[in-house]
Enquirer: 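There's a structure below that I have some questions on.
These numbers come from the heavy atoms of this one structure, side chains and all, not from hydrogens, waters or symmetry mates.
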Amino acid sequence: MADVKTNVKEIVADAVNAFIKEKGIDSPQVIADSLQVVTPPNPEMGDLGVPMFVFAKSLRMAPPQIASGVASLITDKSLGEFLAVGPYVNVKLDKAGAAAPILSAIKNQGDSYGSLNSEGKKPLEGRKVMVEYSSPNTNKPLHLGHLRNDALGESVSRILKMAGAQVYKVDLINNRGVHICKSMLAYKWFHEEKGDTPEKLGMKGDHFVGQCYVEFDRWLKGEKDKPETAHPEAAQQAEDMLIEWEKGNPEVRALWQKMNDWTLEGVKETYARTGVSFDKLYMESETYLKGKDQILKGLEKGVFFKADDGSVRIDVTDVVGKGKDEDNHEKVLLRKDGTSVYITQDIGTAISRHDDWAFNQLVYVVASEQNYHFKILFHILKKLGFDWAENLYHLSYGLVNLPSGRMKSREGTIVDADDLIDSLHADALQAIKERGRDEDVGDADDVAEKVALGALHYYLLQATPIKDMLFNPEESLSFNGNTGPYLQYMGARINSILAKAKEAGIKAACDDDAVALLKSEDEWALIKLLGDFPAVVEKAAVNLDPSQVTNYIYETAKAFSKFYQTSSIVNAENEKLAGARLYLAESTLQVIKNSLNLVLVPYLEKM
């Protein structure tokens with residue numbers, strides 16, 4: 001529909017200019033791109049509408065009066081009939097003329113359909129976007145919060161690519177710090193002498209290291225019913241180990257490397273399982289000292305100042321605003337002993353990344369808890385004079401929890417990503433068997449895995465990123481309603497419909513005469529939705545919001561279901577109409593497959 005909307009804008013703009021000239025009004029020339037195209041609430045009002053409110057002030061007329069005058073001047077009937085409906089100039093499109101280009105584009109472009117705008121170009125072509133997401137710690141496995149982060153980062157990356165951007169996906173591995181040392185100490189205390197390894201214990205490496213982290217916390221606090229068993233000195237021991245790590249102590253570094261390797265190996269398995277990948281991994285151990293030189297240069301230039309205690313700071317009143325806690329008006333960038341803080345590392349890492357790959361935009365996919373941090377980071381980089389800092393963006397997302405409550409990794413209440421997917425997999429497999437479909441679907445275990453991933457990713461992405469959410473495993477696996485499994489079922493169902501139609505000897509009819517037979521309300525509603533897909537992709541890419549794609553898929557699936565209830569393919573009135581409906585069904589399946597891929601939901605031929 002994108003090209004149709006462009007043509008509607010051009011026709012209406014010409015008519016508005018003619019109306020202005022006819023009335024002798026002194027007003028600037030109206031440009032087609034400045035007009036808005038909306039969908040009327042009732043199909044009887046038309047298929048598309050252009051509001052006239054925007055001209056009321058300059059023309060000193062009521063919008064309905066303007067709409068009436070503009071509609072009367074439109075003589076171009078190539079798209080259909082233009083009419084005034086209240087303050088709108090609406091058009092009832094010529095269905096045959098509009099449908100053929102939409103279905104033809106889907107057929108010709110196939111897997112790439114959705115990437116081209118009305119001008120036949122990729123809207124974000126030429127833009128280089130770096131996307132940072134996941135950022136795991138090497139003291140524990142990925143958890144439910146990471147799953148939302150990973151889903152957002154991977155989905156946004158795919159959407160940006162579909163819209164034509166060059167995308168470079170990066171992951172900052174948080175592999176140093178006192179939290180890492182806590183897992184290392186627990187290993188030394190409870191496992192090293194026994195020669196425990198993930199392989200020996202039959203565990204994934206990240207799960208084993210995460211277990212060590214929990215063991216440290218329990219050792220630190222003691223048993224709940226025996227407070228006398230607490231070991232408060234353990235906290236200082238972890239700090240001391242970090243100092244030894246920073247000194248390069250060979251023994252500490254060797255244990256650190258071994259446990260980091262265990263964790264990363266396990267995390268990479270989870271990435272592969274969930275379809276997440278990266279172009280480059282940045283290690284905090286290699287970046288944490290970066291940025292210090294930039295801070296010292298900024299100090300020389302007067303961008304930063306040295307406080308009375310000897311620390312280097314920046315005044316961030318412009319960012320946090322006046323009237324807030326005075327402590328928030330200054331940000332420490334170097335401690336009084338000259339050591340770096342976390343934001344110093346991020347400054348250096350951002351600069352290094354631009355040196356590595358000169359992006360137009362860098363998107364940080366990080367939870368909303370870090371909103372303040374990124375405001376300050378972007379502010380500092382701008383103050384340092386980096387022009388590209390204007391295009392840094394924090395894709396802030398809300399927390400995700402289970403109905404049972406918030407997760408705490410150090411207390412062992414974390415919901416491991418692998419455990420959650422395993423649980424969804426088991427429930428999906430049980431549902432397949434209960435339906436007696438385990439033989440019909442082929443490899444039931446593989447299908448169950450894909451259903452689990454579809455359930456998980458769709459549920460995590462259907463809410464706008466900024467919203468906090470509860471992940472309800474039972475709801476996510478439902479085969480009815482707005483869920484991943486329902487959409488996978490619709491894809492499999494359409495695939496089955498196509499197979500049965502071809503078994504009946506029906507061939508898709510792609511010619512304009514056949515497409516012109518698709519006139520019913522349900523057929524036309526589905527065609528219009530298919531035509532909207534490129535605009536949905538562009539909007540989702542610009543807004544970095546996969547929920548716009550998930551909403552679209554659900555609406556398209558519902559429209560197909562309604563179409564199929566009223567428009568039989570096998571029992572159509574004639575062969576040509578049957579072929580046209582088959583063509584429409586094939587087009588729908590292609591669009592569903594394209595859109596499912598953008599939101600990490602595996603397509604299933606059988607279900």
Enquirer: Without hydrogens or angle criteria, can the side chains of Ser134 and Tyr271 be said to hold a donor-acceptor pair below 3.5 Å?
Expert: yes
Enquirer: Determine whether a donor-acceptor pair (N or O, by modelled atom type, separation under 3.5 Å) exists between the side chain of Asn495 and the backbone of Glu605.
Expert: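 Pair found, side chain donor or acceptor close to backbone of Glu605.
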Enquirer: Just by distance, do the side chain of Asn594 and the backbone of Gly110 share a donor-acceptor pair under 3.5 Å?
Expert: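 Between the backbone of Gly110 and the side chain of Asn594 there is a qualifying donor-acceptor contact (under 3.5 Å).
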Enquirer: For Ala585 and Ile494, work out which heavy atoms get closest and say how close.
Expert: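 The pair with the smallest heavy-atom distance is O-CG2, 3.7 Å.
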Enquirer: Specify the closest pair of heavy atoms between Gly145 and Val400, including all atoms of both residues, with the distance to one decimal.
Expert: CA-CG1, 3.8 Å
Enquirer: Could you please spell out the steps behind the salt bridge (charged side-chain N to carboxylate O under 4.0 Å, His left out) verdict for Asp532 and Lys5?
Expert: CA-CA 10 Å; Asp532 285 339; Lys5 289 180 180 178; 3.7 Å; yes
Enquirer: Could you check whether any side-chain N or O of His394 sits under 3.5 Å from a backbone N or O of Lys375, counting only pairs where one atom can act as donor and the other as acceptor?
Expert: no
Enquirer: Tell me whether the count of non-hydrogen atoms from other residues, nucleotides or ligands lying under 6.0 Å of NZ in Lys122 goes above 12.
Expert: no
Enquirer: Mind listing the closest non-hydrogen atom pair of Asn17 and Val30 along with its distance?
Expert: OD1-N, 2.8 Å
Enquirer: Given the ring of Phe479, does Arg435 sit roughly above its face, with NZ or CZ under 6.0 Å from the centre of the six-membered ring and within 45° of the axis?
Expert: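 Relative to the ring axis of Phe479, which defines the angle, Arg435 lies inside both limits.
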Enquirer: Between Lys107 and Glu586 (salt bridge meaning N to carboxylate O under 4.0 Å), is one present in this structure?
Expert: no
Enquirer: Regarding Asp545 and Ser547, is there a side-chain donor-to-acceptor distance under 3.5 Å anywhere?
Expert: yes
Enquirer: Closest heavy-atom contact between Ala514 and Ala509?
Expert: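 In terms of heavy atoms, the two residues are closest at CB-CB, 3.5 Å.
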Enquirer: Could you tell me whether the side chain of Arg148 and the main chain of Gly398 form a donor-acceptor pair under 3.5 Å?
Expert: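 Present.
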Enquirer: When you look at Glu555 and Asn551, which way does the side-chain contact (heavy atoms from CB on, under 4.5 Å) test go after all the steps?
Expert: CA-CA 6 Å; Glu555 292 302 318; Asn551 293 338; 5.6 Å; no
Enquirer: Assess the side chains of Asn597 and Tyr603: does a donor N or O sit below 3.5 Å from an acceptor N or O?
Expert: no
Enquirer: Within the distance-only criterion (no hydrogens, no angle test), does the side chain of Tyr552 pair as donor or acceptor with the backbone N or O of Leu529 below 3.5 angstrom?
Expert: yes
Enquirer: Between Thr556 and Met490, is any pair of side-chain heavy atoms under 4.5 Å apart?
Expert: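 The answer is no; the side chains never approach within 4.5 Å.
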Enquirer: Quick check against the 3.5 Å criterion: does Tyr486 have a side-chain atom that pairs as donor or acceptor with the backbone of Ser478?
Expert: no
Enquirer: Passes side-chain contact (heavy atoms from CB on, under 4.5 Å), Lys576 versus Asp511? Steps please.
Expert: CA-CA 10 Å; Lys576 200 166 211 178; Asp511 58 280; 3.8 Å; yes
Enquirer: Please identify which of these residues, Tyr168, Tyr364, Phe278, Tyr397, meets the ring pair (Phe, Tyr, Trp, His ring centres under 6.0 Å) condition with Tyr133.
Expert: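 One option only clears the test, and that one is Phe278.
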Enquirer: For Val441 and Ala444, which heavy atoms make the closest approach, and how far apart are they?
Expert: CG2-CA, 3.8 Å
Enquirer: Using a strict cut-off of less than 4.0 Å between a Lys/Arg side-chain nitrogen and an Asp/Glu carboxylate oxygen, indicate whether Glu575 and Lys507 qualify as a salt bridge.
Expert: no
Enquirer: Measuring from atom OG of Ser595 to atom CG of Leu487, what distance do you get when rounded to the nearest 0.5 angstrom?
Expert: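 That separation rounds to 8.0 Å.
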Enquirer: Side chains of Trp357 and Asp279: any donor to acceptor distance under 3.5 Å?
Expert: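 Judged by distance alone, the side chains do not pair up.
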Enquirer: Would you mind reporting whether Glu154 and Lys169 have side-chain heavy atoms less than 4.5 Å apart?
Expert: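 Lys169 reaches Glu154 side chain to side chain.
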Enquirer: Show, in sequence, the C-alpha distance, side-chain angles and deciding distance for Ser155 and His457, and conclude whether the side-chain contact (heavy atoms from CB on, under 4.5 Å) test is met.
Expert: CA-CA 9 Å; Ser155 179; His457 289 147; over 6 Å; no
Enquirer: Just jot down the salt bridge (charged side-chain N to carboxylate O under 4.0 Å, His left out) partners of Asp76, sequence neighbours excluded, or say none.
Expert: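 Counting only residues at least two positions away or on another chain, Asp76 forms no salt bridge (charged side-chain N to carboxylate O under 4.0 Å, His left out).
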Enquirer: Quick one about Tyr459 and Asn472 (side-chain donor to acceptor, distance below 3.5 Å, no hydrogens or angles considered), yes or no?
Expert: no
Enquirer: With a 3.5 Å cut-off and sequence neighbours excluded, list the donor-acceptor pairs that the side chains of residues 53-72 form with protein atoms.
Expert:
| from | atom 1 | to | atom 2 | distance (Å) |
| --- | --- | --- | --- | --- |
| Ser58 | OG | Phe55 | O | 3.4 |
| Ser72 | OG | Gly69 | O | 2.6 |

Enquirer: What verdict does the side-chain contact (heavy atoms from CB on, under 4.5 Å) test give for Val365 and Val156, after you've listed the backbone C-alpha separation in whole Å, the side-chain angles of each residue and the deciding distance to 0.1 Å?
Expert: CA-CA 10 Å; Val365 183; Val156 163; 5.8 Å; no
Enquirer: Between Lys95 and Glu523, is the closest basic N to carboxylate O distance under 4.0 Å?
Expert: no
